[in-house]
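Count residues from 1 along the sequence.
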Amino acid sequence: MPVLNEERHLRNSVRHILEQDYPGELEVVIALGPSTDRTDEIAAELVAEDARVRTVPNPTGRTPAGLNAAIGASRHPVVVRVDGHGMLSPDYIATAVRLLDETGAANVGGIMHAEGENNWERAVAAAMTARIGVGNAAFHTGGQAGEAETVYLGVFRREVLERLGGYNVEFIRAQDWELNYRIRQGGGLIWFSPELLVSYRPRPSVRALAKQYRNYGRWRHVVARYHAGSINPRYLAPPTAVVAIILALLAGVTITPWALLVPGGYLAAITLGSVPAGRGLPLGARIRIPLALATMHMSWGWGFLTSPPSLAKKVVAARPPTAERSR
């Protein structure tokens, strides 16, 4: 678990791991970034309360560095990635281990089941689980079990992580997609199953959501630069929409007001699309879904378009330490 400023959810997330319905041994290794809240204090309490919990330092605070540090300090042949704001379903690990055996996959994963605790978070959760929000990504919207390009978080065979050198520390974001791409290029199977469910807590504000999706777009472009052929039309939709809307607004002001039909059509589409996405939610959440959709689309697209070539260097992924496993 790589964590940074996770005081709100860390204890609950770890509880969902320790209470897993799994017959084998479990260990929880938390990589502590330089948090400014009570994350470190809560982690120390968890270590004192249960011998299965340990911490390792992650002074950079970067997710891939924390993942590599935690993997290196762990000792079992199956590695389960968990975020500090993710809640595993009770049989998650047992099901994942079974699927690794049944499919021969290098990595298995399931659904990122977004759940909100207030109306804004519920709106974001609805947007993140709707096709109009995230396209046809199975780990967001669900679907049948089968081979996939990438999955949410992941349950890995340690031998695969070690052979590939772990996560590439240059990828502050999109490190999951980049690693799964290398696994697939090496002949490994990535397997999606709707049996695997992780409850996810969305970002608590428009600003935080915009920053999250801008970074997603920026780093997805980095992956596309370094891995030719890794992009598909789904990823090009948000930047195309951003360009089209900007050009239409300029044309609407300088040439013809008819051009304003483009941004108007987009607003109409996300408003209509929010109706089925918000079914069953309170009114306060439903009316916020169009804003959540627009924030996700525009931020991702803008991040993709403005991603600088110097954002990350193509380097060999740092190999996780192995000292702990030799004990």
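- Within the 4.5 Å cutoff, the side chain of Met87 has no heavy atoms near those of the Val198 side chain.
- For Arg279 (side chain) and Val275 (main-chain N/O), no donor-acceptor pair under 3.5 Å exists by modelled atom type.
- Using a cutoff of 4.0 Å between basic side-chain nitrogens and carboxylate oxygens, Arg8 and Asp37 are not scored as salt-bridged.
- Ile132 is not connected to Leu272 by any chain of hydrophobic side-chain contacts under 4.5 Å among Ile, Leu, Val, Met, Phe, Trp and Tyr, and they are in different clusters.
- The shortest side-chain heavy-atom distance between Arg98 and Glu195 falls under the 4.5 Å cut-off.
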Let me have the donor-acceptor pairs involving side chains of residues 243-269, under 3.5 Å, with sequence neighbours excluded, atom names and distances please.
{"from": "Thr254", "atom 1": "OG1", "to": "Leu250", "atom 2": "O", "distance (Å)": "2.7"}
{"from": "Thr256", "atom 1": "OG1", "to": "Trp258", "atom 2": "N", "distance (Å)": "3.2"}
{"from": "Tyr266", "atom 1": "OH", "to": "His297", "atom 2": "ND1", "distance (Å)": "2.8"}

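- Taking the six-membered ring for Trp and the full ring otherwise, His113 and Tyr200 have centroids separated by 6.0 Å or more.
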Intermediate values then yes/no, salt bridge (charged side-chain N to carboxylate O under 4.0 Å, His left out), Glu25 and Arg52 | CA-CA 9 Å; Glu25 291 185 6; Arg52 294 174 293 177; over 6 Å; no
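- Counting only heavy atoms from C-beta outward, the side chains of Thr103 and Glu147 never approach each other to under 4.5 Å.
- Applying the 4.5 Å side-chain rule to ILVMFWY residues, one finds Leu283 in the same cluster as Ile287.
- For the residue pair Glu115 / Ser199, a side-chain donor-acceptor distance below 3.5 Å is found, with atom types taken as modelled.
- Using a 4.5 Å heavy-atom threshold, the side chains of Val169 and Arg62 count as separate.
- Distance alone, capped at 3.5 Å, is enough to place a donor-acceptor pair between the Arg157 side chain and the Ala105 backbone.
- Every residue two or more places apart in sequence or in another chain was checked for a ring-ring contact (aromatic ring centres under 6.0 Å, His included) with Phe156, and none qualifies.
- Smallest separation of non-hydrogen atoms from Leu196 and Tyr92: CD2-O, 3.4 Å.
- Proximity of Val29 to Met1: side-chain heavy atoms (C-beta onward) are nowhere separated by under 4.5 Å.
- Cation-pi check for Arg214 over Trp300 is not met; the charged atom does not lie both under 6.0 angstrom from the ring centroid and within 45 degrees of its normal.
- Residue Trp302 qualifies as open at atom CH2: its count of foreign heavy atoms under 6.0 Å is 12 or below.
- Side chains of Glu49 and Glu45 form a contact here, defined as non-hydrogen atoms less than 4.5 Å apart.
- Side-chain contact check for Pro57 versus Leu32: every heavy-atom pair is 4.5 Å or farther apart.
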Please report the C-alpha distance between Arg122 and Glu117 in whole Å, then the side-chain angles of each, then the deciding distance to 0.1 Å, and finally whether the salt bridge (charged side-chain N to carboxylate O under 4.0 Å, His left out) criterion is met.
-> CA-CA 7 Å; Arg122 293 185 188 102; Glu117 298 180 341; over 6 Å; no
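- Remark: the backbone N or O of Val155 is paired with a side-chain donor or acceptor of Asn107 at under 3.5 angstrom.
- Between Tyr216 and Tyr213, the two ring planes are perpendicular [angle over 60°; tilted spans 30° to 60°].
- Judged by distance alone, the side chain of His221 and the main-chain N or O of Gly217 form no donor-acceptor pair under 3.5 Å.
- Here the closest non-hydrogen pair linking Ala73 and Val56 is CB-CG1, 3.5 Å.
- In this structure the side chain of Ile71 reaches within 4.5 angstrom of the side chain of Arg158, judged on heavy atoms.
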Test log, rule salt bridge (charged side-chain N to carboxylate O under 4.0 Å, His left out), inputs Arg201 and Glu121 | CA-CA 8 Å; Arg201 300 295 185 261; Glu121 292 180 0; over 6 Å; no
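- With hydrogens and angles ignored, the 3.5 Å screen pairs no side-chain donor or acceptor of Ser13 with any backbone N or O of His85.
- Of the possible polar contacts, none joining the Glu178 side chain to the Val223 backbone as a donor-acceptor pair under 3.5 Å is found.
- No cation-pi contact links Arg184 to Trp191, judged by a cut-off of 6.0 Å to the six-membered ring centre and 45° from its axis.
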